[in-house]
Amino acid sequence: RRQGSDDVNMRAAETFSFNDFASNGGILVAGGLVMALNQAWPDLVVGLIVAAIAVKGGVRQVLAKGPAGQNVELLSQLASRLGDGLHLPGSAGYRASLERVFFPDASRRTPPAVVHPRTTRDVSTVLQVASAAGGRVSVRGGGLSSNCVDDSAVMIDLSVHLGNAEPDGDHVRVGGGATVGTALAAIAPQDRVIPVGIVGLAGMGLVTRGGVGYLTRDIGLALDHLVEVELVLPSGEIVTLSEGSTGYQADLWWAVRGCA
C-alpha cells in the first residue's frame, strides 16, 4: 500500500500485488507504457520510450466465474461485435494462435475461441462482453507464458495485430503483443537501446515485474524508464497512466510499475 491513499485507492492498489499482478481481475495492459530509451552501449544517454504491452506476455485474467454453458452467450455476443476478429476451434486463425504459443503443453489446450483484436477498443469490447456474460478471458502477449491459454477462457491474442514497435523520435510505441526482440530491433537503427530482459522471445510485459537485463547495473531496471501505460480495466474502461495521474489512476500507475 502507498502511504496517504484513501481506502478506495488502497483497495485498487491491493488488486495488483507484485506476485499476482492481474490474476485477481486487475487489468490488461493493451495499449501503452512509456519507458526510457538509451544510446547504444557505451554511451547510455537516457531518452524516452513509449511502449504498449501485455501483462507478463500472457497472464490469465478471470473476469467472472461461471458454468461452461455461459460460453454460448459469450461467443454469440463476441461474434456480433467483432465479426472476423473472432476465431472458433478448427479455424485457421484459431490454429495459428495456438501454434505460436511457446510452451507445447499450453499450445495443446482448447480455449472456446481466440480473438485477434486490432485496436485497444477491440480489447475493451471483449472484456465488456465477458464481464457481462460471466465468461473468462486469458491474454497472449509475447507468448512466453504457459498461462496465456486456458481450456475454459477465450484467448485474446495481442500478437497478431498489436505486436509491432514504432519509433517516434526519442520515443517508441510497442504493441501489447510485441516481444523484447521486436522492440530492440525497431530502435537499433537509431543506435538506441532499452534496458530490458535477456531473452528476445519474452513479451514486453516483463517490464511490470522489473525488467532485469544486461544493462541494469548501468541504467537500472526497465520499469525505471516507464513513462506511460495504457490499460484496459475488467469493466472495459480504457485508461492512460503516467507520473501525472491522480486519484485511483495514480495508484494503478504505482501498481503497474511493480508497486515501486
Side-chain angles (χ1 to χ4, degrees), residues 15-30 33 51-66 68 71 74-75 78 86-117 123 126-127 130 135-163 174-184 196-213 222-223 231-232 234 255-256 258:
T15 302
F16 308 99
S17 67
F18 186 77
N19 293 318
D20 194 18
F21 183 68
S23 60
N24 289 327
I27 56 173
L28 167 63
V29 181
L33 68 74
I53 64 170
V55 176
K56 290 171 59 181
V59 166
R60 180 170 61 188
Q61 265 202 3
V62 179
L63 302 178
K65 294 181 179 179
N71 283 332
L74 172 61
L75 297 182
L78 290 177
L86 179 70
H87 301 270
L88 300 177
S91 67
Y94 182 96
R95 292 194 302 270
S97 286
L98 292 178
E99 288 171 357
R100 290 198 309 274
V101 173
F102 183 78
F103 293 97
D105 179 63
S107 69
R108 289 191 289 269
R109 294 171 188 161
T110 55
V114 173
V115 174
H116 294 171
V123 176
V126 176
L127 297 187
R136 304 179 69 193
V137 172
S138 67
V139 181
R140 191 243 195 241
L144 194 62
S145 170
S146 61
N147 292 325
C148 65
V149 191
D150 190 293
D151 289 330
S152 61
V154 172
M155 183 172 74
I156 301 177
D157 187 350
L158 299 175
S159 68
V160 179
H161 301 298
L162 298 174
V174 183
T179 63
V180 167
T182 299
L184 292 178
V196 290
I198 61 175
V199 179
L201 291 175
M204 288 298 291
L206 60 83
V207 175
T208 65
R209 285 177 172 262
V212 178
L223 65 78
L231 308 176
V232 181
V256 79

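Within the 4.5 Å cutoff, no side-chain heavy atoms of T182 are placed close to those of V174. The shortest side-chain heavy-atom distance between C148 and V101 falls under the 4.5 Å cut-off. Side-chain atoms of V114 and L88, non-hydrogen and from C-beta on, never get closer than 4.5 Å to each other. With a 4.5 Å cut-off on side-chain heavy atoms, V232 and L127 count as touching.
Atom CZ of residue F103 and atom CZ of residue R108 lie 12.5 Å apart, to the nearest 0.5 angstrom. Rounded to the nearest 0.5 Å, atoms CG (N147) and OG (S138) are 9.0 Å apart. A distance of 4.0 Å separates CG of D151 from OG1 of T110, quoted to the nearest 0.5 Å.
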Take S97 and M155 through the test side chain to side chain contact (heavy atoms under 4.5 Å, CB included) and record every step on the way to the result. CA-CA 9 Å; S97 286; M155 183 172 74; 3.7 Å; yes
Please walk me through it: do V180 and V199 pass side chain to side chain contact (heavy atoms under 4.5 Å, CB included)? CA-CA 7 Å; V180 167; V199 179; over 6 Å; no
T208 and L206: side chain to side chain contact (heavy atoms under 4.5 Å, CB included), yes or no, with the steps? CA-CA 5 Å; T208 65; L206 60 83; over 6 Å; no
Test side chain to side chain contact (heavy atoms under 4.5 Å, CB included) on L231 and V256 and set out the steps. CA-CA 9 Å; L231 308 176; V256 79; 4.2 Å; yes
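Each of V139, I156, L86 was checked for a side chain to side chain contact (heavy atoms under 4.5 Å, CB included) with V126, and the lone residue meeting it is I156.
Considering only residues two or more places apart in sequence or on other chains, R100 meets the salt bridge (charged side-chain N to carboxylate O under 4.0 Å, His left out) condition with D157.
Annotation for L223 and V207: closest pair CB-O, 3.4 Å, computed over non-hydrogen atoms. Of all heavy-atom pairs spanning P117 and L162, the tightest one is O-CG, 3.8 Å. Closest of all the heavy-atom pairs between L74 and A130 is CD1-CA, 3.6 Å. Closest of all the heavy-atom pairs between A153 and P111 is O-CB, 3.2 Å.
Within a 6.0 Å radius of CZ in F102, no more than 12 heavy atoms belonging to other residues, nucleotides or ligands are found.
Donor-acceptor pairing under 3.5 Å is recorded for the side chains of R140 and S159.
Sorted by first and then second residue, the pairs that involve residues 86-96 and meet side chain to side chain donor-acceptor pair (under 3.5 Å), not counting sequence neighbours, are H87-H116.
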